[in-house]
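Computed from a prediction, not measured in an experiment: that's the story for all the values here. Sequential numbering from 1 along the given sequence is applied to the chain's residues. Values below: every heavy atom of this structure, side chains too, minus hydrogens, waters and symmetry copies.
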Amino acid sequence: MKKQHIILLFILLTSALSVMAFSGKDIPIRFQQLPVKAQQVIKKHFPNQKIALAKMENELLSKSYEVIFTNGTKIEFDSKGQWTNIDCKHSQVPSALIPPAILNYVKKHYLRSIITEVERKRRTIQIELNNGIDLTFNSNYQIIEID
């Protein structure tokens with residue numbers, strides 16, 4: 001009986017270590033291996049950009065994807081292909097990807113600024129302007145923090 005417990009414990013530990021070793025690894029992939037929604041975002045909003053690298057990150061319980069274009073723009077996607085972060089460095093994030101209420105707020109309060117990064121989290125959306133200001137909005141698109 002003790003021997004069976006030891007063998008079971010060994011199997012469980014080996015399995016756990018295998019999962020931990022596999023998680024967090026970046027695997028280069030082709031564009032066609034991205035989720036369909038991610039492919040659609042890229043085709044529609046970044047049609048003239050050339051992809052330098054597309055990769056999948058295996059996390060413990062899910063996958064995420066990252067696409068880096070040759071101009072430095074980077075887009076992160078969740079396992080379903082929904083974008084979670086778009087970082088255009090020094091150019092403007094496509095307006096169609098930003099909620100209209102946030103665009104209107106930026107146009108009204110930061111006339112000469114453009115949105116260079118947008119990050120969508122569970123309950124907030126954070127944007128970065130080209131002047132270095134970070135704005136955080138709640139799920140109702142109301143400003144909750146300026147940094």
Could you go through the side chain to side chain contact (heavy atoms under 4.5 Å, CB included) check for Ile51 and Ile68 one step at a time?
CA-CA 6 Å; Ile51 295 175; Ile68 301 170; over 6 Å; no
For residues 85-92, tabulate all N or O donor-acceptor pairs below 3.5 Å that involve a side-chain atom, not counting sequence neighbours.
from: Asn85; atom 1: ND2; to: Glu117; atom 2: OE2; distance (Å): 3.1
from: Asp87; atom 1: OD1; to: Lys89; atom 2: N; distance (Å): 3.0
from: Asp87; atom 1: OD2; to: Lys89; atom 2: NZ; distance (Å): 3.3
from: Ser91; atom 1: OG; to: Cys88; atom 2: O; distance (Å): 3.1

side-chain hydrogen bond (donor to acceptor under 3.5 Å, both in side chains) partners for [X], two or more places apart:
{"X": "Gln33", "value": "none"}
{"X": "Asn104", "value": "none"}
{"X": "Asn131", "value": "Ser113"}
{"X": "Thr124", "value": "none"}

How long is the straight-line distance from [atom2] of [Y] back to [atom1] of [X], given to the nearest 0.5 Å?
{"X": "Lys121", "Y": "Ser139", "atom1": "NZ", "atom2": "OG", "value": "14.0 Å"}
{"X": "Gln32", "Y": "Ile29", "atom1": "CD", "atom2": "CD1", "value": "9.5 Å"}
{"X": "Ser79", "Y": "Glu57", "atom1": "OG", "atom2": "CD", "value": "12.5 Å"}
{"X": "Asn138", "Y": "Ile125", "atom1": "CG", "atom2": "CD1", "value": "9.5 Å"}
{"X": "Leu97", "Y": "Arg120", "atom1": "CG", "atom2": "CZ", "value": "8.5 Å"}
{"X": "Glu76", "Y": "Thr84", "atom1": "CD", "atom2": "OG1", "value": "5.0 Å"}

Going by the rule side-chain contact (heavy atoms from CB on, under 4.5 Å), which residues pair with [X] if we only count those two or more places apart in sequence or in a different chain?
{"X": "Lys50", "value": "Thr70"}
{"X": "Lys80", "value": "Asp78"}
{"X": "Lys55", "value": "Asp26, Leu53, Glu66"}

Any [X] side-chain heavy atom under 4.5 Å of [Y] side chain:
{"X": "Val106", "Y": "Ile114", "answer": "no"}
{"X": "Phe31", "Y": "Lys43", "answer": "yes"}
{"X": "Ile133", "Y": "Asp147", "answer": "no"}
{"X": "Thr136", "Y": "Ile143", "answer": "no"}
{"X": "Thr116", "Y": "Leu129", "answer": "no"}

Apply side chain to side chain contact (heavy atoms under 4.5 Å, CB included) to the pair Gln126 and Asp134, showing each step before the final yes or no.
CA-CA 7 Å; Gln126 183 174 355; Asp134 293 328; 3.6 Å; yes
Among residues two or more places apart or on two chains, list those pairs meeting ring-ring contact (aromatic ring centres under 6.0 Å, His included) that have a residue in residues 48-81.
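ring-ring contact (aromatic ring centres under 6.0 Å, His included) check on residues 48-81 returns Phe46-Phe69.
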Where at least one partner belongs to residues 98-138, residue pairs that pass ring-ring contact (aromatic ring centres under 6.0 Å, His included), sequence neighbours excluded
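Output for this query lists Tyr105-His109, Tyr105-Phe137.
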Shared hydrophobic cluster for Ile146 and Leu111 (ILVMFWY, side-chain gaps under 4.5 Å):
no
Do Gln39 side-chain atoms and Leu34 backbone N/O form a donor-acceptor pair below 3.5 Å?
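Yes; at least one donor-acceptor contact below 3.5 Å.
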Hits for salt bridge (Lys or Arg N to Asp or Glu O under 4.0 Å) against Glu119, two or more places apart or cross-chain, chain-then-number order -> none
Results of salt bridge (Lys or Arg N to Asp or Glu O under 4.0 Å) for Lys44 - residues two or more places apart only
none
Report the C-alpha distance between Ser64 and Glu59 in whole Å, list the side-chain angles of each, state the deciding distance to 0.1 Å, and finish with yes or no for side chain to side chain contact (heavy atoms under 4.5 Å, CB included).
CA-CA 8 Å; Ser64 62; Glu59 298 165 3; 3.1 Å; yes
Side chain to side chain contact (heavy atoms under 4.5 Å, CB included) partner of Leu135, the single match among Val118, Ile144, Ile127:
Ile127
